[in-house]
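Structure provided below as structure tokens; questions to follow.
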There are 2 protein chains.
Amino acid sequence: MKKKYIPILFFGVLLAVLAIVLQVFEYRYYIGSLDTDIYTTVVAAIFTILGIWIGINLLKKKAPQIEGTSKIDHSKIKELELNEREYEVLKLISEGMSNQEIADKLFLALPTIKTHTSNLFTKLNVRSRTQAIHKAKNLRLIL
Amino acid sequence: MKKKYIPILFFGVLLAVLAIVLQVFEYRYYIGSLDTDIYTTVVAAIFTILGIWIGINLLKKKAPQIEGTSKIDHSKIKELELNEREYEVLKLISEGMSNQEIADKLFLALPTIKTHTSNLFTKLNVRSRTQAIHKAKNLRLIL
DNA sequence: TGCATTTCCATACTTTAGTATGATGGAATT
DNA sequence: AATTCCATCATACTAAAGTATGGAAATGCA
């Protein structure tokens, strides 16, 4: 919930800072310490960089959808009623991690991971982690 | 070879065009037909758009490289010295089959499959079938 | 606050995976 | 004929994975 507003807030602050910078430059311009060409060049450069920055950040959210996320079927995940932990464990399993390694990484106990994997297998209707990986890839739950 | 220089040429031309546009605006400024604030705003806007455009184009070239490559690297298989049986077992493992199921499918005894998997893991330098799957996919030994 | 759900953890158990070592027989090489 | 490589199978063991059940803590919502 809170994370959703961070980019908006960030861009807002960024624009405010740039407005201030702009004001300073304008002030200097009026007192004649900078000439028009330099002023124009600086403004152009700053806003080009700003533009590149905005462009990259706009695409960074869409890029994963083109590369990897386009293959992930989030509706399937909901359809199978996989909760956060189960899906997280699924991803780590697909990366070749053992239950113990997953437990260490998530700061959880081994039995907890076993519970999650067991519930995961039930929901995926499989009986082993290798089957889970295979099915998850076919259903595009993971990439 | 030729494609490599298209972006450079393109950006060169683009910058040249923008330089001309800038000159026009500067000319208009000097004859007093445009106010400084408006001039600054226009320049800022144009270069912001330019920046966004550049940013988008910079990222668009990276996306397809990650996607399109889903071929098996047979040279890697030879490089790792995987023989027929080991590679066959690897494929079946990646399809989620247990050692017993693989043994049944290939009309072999369970210990035989265990030998193959064990040798396979040694050659792949992994310690479990899930790690083998993960590594094999990364090395493009399997799809 | 009370209740439901989720998440976490534990115990105990069975099954499967993985390691180590050695033996057998076939096929190709030298 | 001897050697090398591969594939097969066996035994015996340790380590992980997977199942079943139940309870405790945290979370979210009415």
Side-chain angles (χ1 to χ4, degrees), chain A residues 1-5 74 76-139 141-142, chain B residues 74-139 141-142:
Chain A
M1 282 296 203
K2 283 180 180 178
K3 282 186 178 179
K4 206 170 182 178
Y5 299 103
H74 291 280
K76 263 289 175 191
I77 298 174
K78 287 184 181 175
E79 188 182 324
L80 292 169
E81 295 177 325
L82 300 186
N83 61 43
E84 279 295 318
R85 281 307 198 190
E86 286 161 357
Y87 183 64
E88 197 166 9
V89 167
L90 172 61
K91 284 190 293 185
L92 295 178
I93 284 178
S94 77
E95 289 171 14
M97 294 178 74
S98 68
N99 288 336
Q100 186 60 63
E101 288 169 338
I102 294 171
D104 292 342
K105 186 180 180 70
L106 301 181
F107 301 104
L108 296 175
L110 179 58
T112 307
I113 303 303
K114 287 193 174 190
T115 302
H116 289 323
T117 56
S118 201
N119 293 334
L120 175 66
F121 295 164
T122 301
K123 290 178 181 178
L124 284 179
N125 193 32
V126 295
R127 281 168 305 286
S128 72
R129 56 214 295 115
T130 50
Q131 281 181 16
I133 294 171
H134 190 238
K135 190 152 191 176
K137 298 215 180 198
N138 282 342
L139 295 178
L141 305 179
I142 56 178
Chain B
H74 293 279
S75 63
K76 264 288 175 191
I77 299 174
K78 287 184 182 176
E79 189 181 324
L80 292 169
E81 295 176 325
L82 301 187
N83 59 43
E84 278 296 317
R85 279 306 197 192
E86 286 160 358
Y87 183 62
E88 198 166 9
V89 167
L90 172 62
K91 283 192 294 186
L92 295 178
I93 283 178
S94 77
E95 288 170 14
M97 295 179 73
S98 67
N99 288 336
Q100 186 61 64
E101 287 168 338
I102 294 171
D104 292 343
K105 186 180 181 69
L106 300 181
F107 301 104
L108 297 173
L110 179 58
T112 308
I113 304 303
K114 286 194 173 189
T115 302
H116 289 322
T117 57
S118 201
N119 292 334
L120 175 65
F121 295 164
T122 301
K123 290 178 180 178
L124 284 179
N125 193 30
V126 296
R127 280 168 306 284
S128 73
R129 55 215 294 116
T130 50
Q131 282 182 15
I133 293 171
H134 190 239
K135 190 153 191 176
K137 298 216 179 198
N138 281 343
L139 294 178
L141 304 179
I142 55 177

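Excluded from the calculations below are hydrogen atoms, water molecules and symmetry mates; all remaining heavy atoms, backbone and side chain alike, are included. Protein chains get the first letters and strands the later ones, always in sequence-line order, with residue 1 at the start of each. Since the model is a prediction, treat every value here as computed from it, not as a measurement.
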- Looking only at side-chain atoms of B:R129, point me to the closest of C:dT19, D:dT19, C:dA17.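 Of the candidates, C:dA17 comes closest.
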
- Query: Does a nitrogen or oxygen in the side chain of B:R85 sit under 4.0 Å from OP1 or OP2 of D:dT8?
  - Reply: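 Yes, B:R85 has a side-chain N/O under 4.0 Å of OP1/OP2 on D:dT8.
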
- Message: Rounded to whole Å, please give me the gap between NZ in A:K114 and P in D:dA16.
- Response: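 Roughly 10 Å, once rounded to whole Å.
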
- Message: Side-chain N or O of B:N83 versus OP1/OP2 of D:dC5: is the shortest distance under 4.0 Å?
- Response: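 False: B:N83 side-chain N/O out of range (4.0 Å or more) of D:dC5 OP1/OP2.
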
- Measure from NE2 on B:H116 to P on C:dT19 and round the result to the nearest Å.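 That distance rounds to 15 Å.
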
- Message: Quick check on C:dG18: is either OP1 or OP2 less than 4.0 Å from any side-chain nitrogen or oxygen of B:R127?
- Response: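 No, because none of the side-chain N or O atoms of B:R127 sits under 4.0 Å from OP1 or OP2 of C:dG18.
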
- Item | Any B:Q131 side-chain heavy atom under 4.5 Å of B:L124 side chain |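 No, side chains not in contact.
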
- Starting from P on D:dC9, measure out to CG on B:N119 and report it in whole angstrom.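 Computing the B:N119:CG to D:dC9:P distance gives 15 Å.
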
- Would a 4.5 Å heavy-atom cut-off, applied to side chains only, mark B:E101 and B:D104 as touching?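 Of all side-chain heavy-atom pairs linking B:D104 with B:E101, none is under 4.5 Å.
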
- Item | Candidate list A:K123, A:K91, A:H116, test side-chain hydrogen bond (donor to acceptor under 3.5 Å, both in side chains), partner A:E86, passing option |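 Answer after filtering A:K123, A:K91, A:H116: A:K123.
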
- The side chain of B:P111 lies closest to which of these nucleotides: D:dG18, D:dT11, C:dT11?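 The closest nucleotide is D:dT11.
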
- So does A:T112 get a side-chain nitrogen or oxygen closer than 4.0 Å to the phosphate oxygens (OP1/OP2) of C:dC9?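 Indeed, a polar side-chain atom of A:T112 lies that close.
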
- Query: Is it true that B:R85 and B:E88 have a side-chain N and a carboxylate O under 4.0 angstrom from each other?
  - Reply: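 Yes.
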
- Flag the pair A:T130 / B:M97 as yes when at least one side-chain heavy-atom distance between them is below 4.5 Å, and no otherwise.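 Not touching, per the 4.5 Å side-chain cut-off.
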
- Task: Starting at NZ of A:K76, measure out to CG of A:L141 and round the result to the nearest 0.5 Å.
- Result: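 Interatomic distance, A:K76 NZ to A:L141 CG, rounded to 0.5 Å: 8.0 Å.
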
- Can you tell me how far C1' of C:dT19 sits from CD1 of B:I113, to the nearest Å?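 To the nearest whole Å, that distance equals 16 Å.
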
- Task: Within residues 89-109 of chain A, find the residues that approach DNA chain D with a heavy atom at under 4.0 Å, and present them sorted by residue number.
- Result: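 The answer is A:S98, A:N99.
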
- Item | Test item: B:R129 and B:N99 side chains (from C-beta on) under 4.5 Å apart, heavy atoms |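 Counting from C-beta outward, B:R129 and B:N99 do come under 4.5 Å.
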
- Nucleotide C:dT19, atom P - distance to CG of B:L124 in whole Å: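 Distance check: B:L124 CG to C:dT19 P gives 12 Å.
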
- Task: Would you mind reading off the distance between B:E84 atom CD and D:dA7 atom P, rounded to a whole angstrom?
- Result: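 Answer to the nearest Å: 8 Å.
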
- Message: Between A:K135 (side chain only) and A:V126 (backbone N and O only), is there a donor and an acceptor less than 3.5 Å apart?
- Response: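 A pair under 3.5 Å: no.
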
- Message: Does C:dT19 have its OP1 or OP2 closer than 4.0 Å to a side-chain nitrogen or oxygen of B:S118?
- Response: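 It does, given that an N or O in the side chain of B:S118 lies less than 4.0 Å from OP1 or OP2 of C:dT19.
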
- Query: Rounded to the nearest Å, what distance is computed from the CG atom of residue B:L120 to the P atom of nucleotide D:dC6?
  - Reply: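 Value for this atom pair: 15 Å.
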
- Message: Side chain of B:T115, heavy atoms from C-beta onward: which of D:dT19, D:dA10, D:dA7 has the nearest atom to it?
- Response: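 Between D:dT19, D:dA10, D:dA7, the one nearest the side chain of B:T115 would be D:dA10.
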
- Query: Could you state the interatomic distance from OG1 (B:T112) to CG (B:L106), rounded to the nearest 0.5 Å?
  - Reply: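 Between atom OG1 of B:T112 and atom CG of B:L106 there are 10.0 Å.
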
- Determine the contact category for A:T117: base if any of its heavy atoms lies under 4.0 Å from a base atom, sugar-phosphate if only primed atoms, P, OP1 or OP2 are that close, otherwise nothing.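 A:T117: no heavy atom of the nucleic acid under 4.0 Å.
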
- Send over the distance from B:E88 CD to D:dT8 C1', rounded to a whole Å.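 About 14 Å, once rounded to whole Å.
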
- Query: Going from CD1 on B:I113 to OG on B:S118, what distance comes out if it is rounded to the nearest 0.5 angstrom?
  - Reply: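 Between B:I113 CD1 and B:S118 OG, I get 12.5 Å after rounding to 0.5 Å.
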
- At how many degrees, to 10°, do the end axes of the helix from C:dG2-D:dC29 to C:dT30-D:dA1 meet when each uses five pairs?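 Axis angle across the helix from C:dG2-D:dC29 to C:dT30-D:dA1, nearest 10°: 50°.
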
